[in-house]
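The first residue of the sequence shown is numbered 1, and numbering continues consecutively from there.
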Amino acid sequence: MVAAGRRGADAGPSTARRWERLLAAWHDRVRRVRAIGGLALQAGLAAALSWFVAHSLLHVSQPVFAPISAVSTLAASVGQRLRRTIELIIGVTVGVLIGDLLLLVTGTGWWQLALIVVLAIVVALFLAGSAAVVIQAGATAVLIATLSPTVRDLEIPRFVDALIGGGVALLVTAVLLPLNPLRVLNRAARPVFDLLLTQLDATAEALAERDAARARTARGELRQSAGRLKAFVEAAQGAREASTLSPVYWHQRHGPVGRYAQAAELIDRATRNSGTLIRRSVTLIEDGEPVPESLPRAVAELAETVRLLKRQFAAGAEPNRAREQALRAVATAGNAYRDGVGFSGAVVVAQVRTTVSDLLVATGLTQEGANHLVRRAFGDL
């Protein structure tokens, strides 16, 4: 009876954990669909429109490659679509030229196919060095070498399809169905900000309670930030592209979107510096160094800075409150330094200063201006 009761008690938390994992997986999939839903609509519209242009307006009998080119362009990382269109056209051009020239000299056959593909790839690498150019050049060379003997005038339709597909993809991206760059940035930045401020809050509490285990957990959680930071940087590139190509969002290029996009790499740097702060906090607690009351408060105020920055960036507002809060965190860190800290405590204080400097530059200040404000807020050494 006792054993059965214990098994039942164990089953409860286990079942709860399974449901939590299932719920987390469900939310993750919903977020993923929401994140790429706009891309799916763009791809569908671009494929249909490119087929219509090639088939109905230019009378290409089998416009297969125009929709493929459009979807291929849109499948590129957001922020690289203009470059992908140019690479697509260069690759197709190289494949057509190499394929035609060698077929005139060598004829058709298995070894001629191998030679054409090798030369097309080598020339593409020499001209551009991009994987997209190489793939397009090689694929086009294969088509020319294998289909030219049976399909007449393949070269011009292939080139025209590439132009139509790439051009329609850019038209859809810029004019017909542009994505809101601020919304794209918010969606990618939110997980980064949330992870950073949550782990800084946890570290502040760990310092206040001298809880090394909790600080180690925060350190481990923050190490999971690489994928989120990469997505944020890519979203920043996409926002720049959207605000440059789309007339609807031209007014945002030098406003909130421009400032937000420029902040991506600085937020990345601030996250890495915060990782050092958390690691040294673990060492500080384990070594039994002094923890003046102002030290965990400084880390908590740094977390509040990140929270305010997230809100003001999302609203497209000038981040004045975040700047003020950042300088309060530096002033509190200066008090902690003067109250007396050990070696690791001094590193934590230094990382508060460095992280605040990164965040201030992310708000639009110059590096020199940010450093000056940090030194003044910190006070005398």
Quiz prompt | Between Ser344 and Arg280: side-chain donor-acceptor atoms closer than 3.5 Å | solution = yes

Quiz item: Taking everything shown except Glu205 itself, do over 12 heavy atoms lie less than 6.0 Å from its CD?
Solution: yes

Quiz prompt | Pair Thr276, Gln351: side-chain N/O donor-acceptor within cut-off below 3.5 Å | solution = no

Self-check item: CG on Leu196 to OG on Ser274, rounded to 0.5 Å
Solution: 4.5 Å

Exercise. Drop me the distance from Glu301's CD to Ser294's OG, to the nearest 0.5 angstrom.
Key: 9.5 Å

Quiz prompt | Spacing of CZ belonging to Phe193 relative to CG belonging to Asn186, to within rounding of 0.5 Å | solution = 9.0 Å

Quiz prompt | All pairs passing salt bridge (Lys or Arg N to Asp or Glu O under 4.0 Å) where residues 102-118 contributes a residue, at least two apart | solution = none

Exercise. Check whether the side chains of Asn320 and Glu324 place a donor and an acceptor atom closer than 3.5 Å, and report yes or no.
Key: no

Quiz item: Within a strict 4.5 Å, meaning less than it, do heavy atoms of the Leu207 and Ile285 side chains meet?
Solution: yes

Quiz prompt | CZ/Arg321: more than 12 non-hydrogen atoms of other groups inside 6.0 Å | solution = no

Self-check item: Residues Asp268 and Arg272 bridged, charged N to O under 4.0 Å
Solution: yes

Quiz item: To the nearest 0.5 Å, how far apart are CG in Leu284 and CD1 in Ile278?
Solution: 13.5 Å

Quiz item: Is any side-chain heavy atom of Thr355 less than 4.5 Å from a side-chain heavy atom of Leu359?
Solution: yes

Self-check item: By side chain to side chain donor-acceptor pair (under 3.5 Å) - contacts of Thr283 (at least two apart)
Solution: none

Quiz item: At their closest point, which heavy atom of Ala329 faces which heavy atom of Leu302, and how far apart are they?
Solution: CB-N, 3.8 Å

Quiz item: Does a donor on one side chain sit under 3.5 Å from an acceptor on the other, for Asn273 and Thr354?
Solution: no

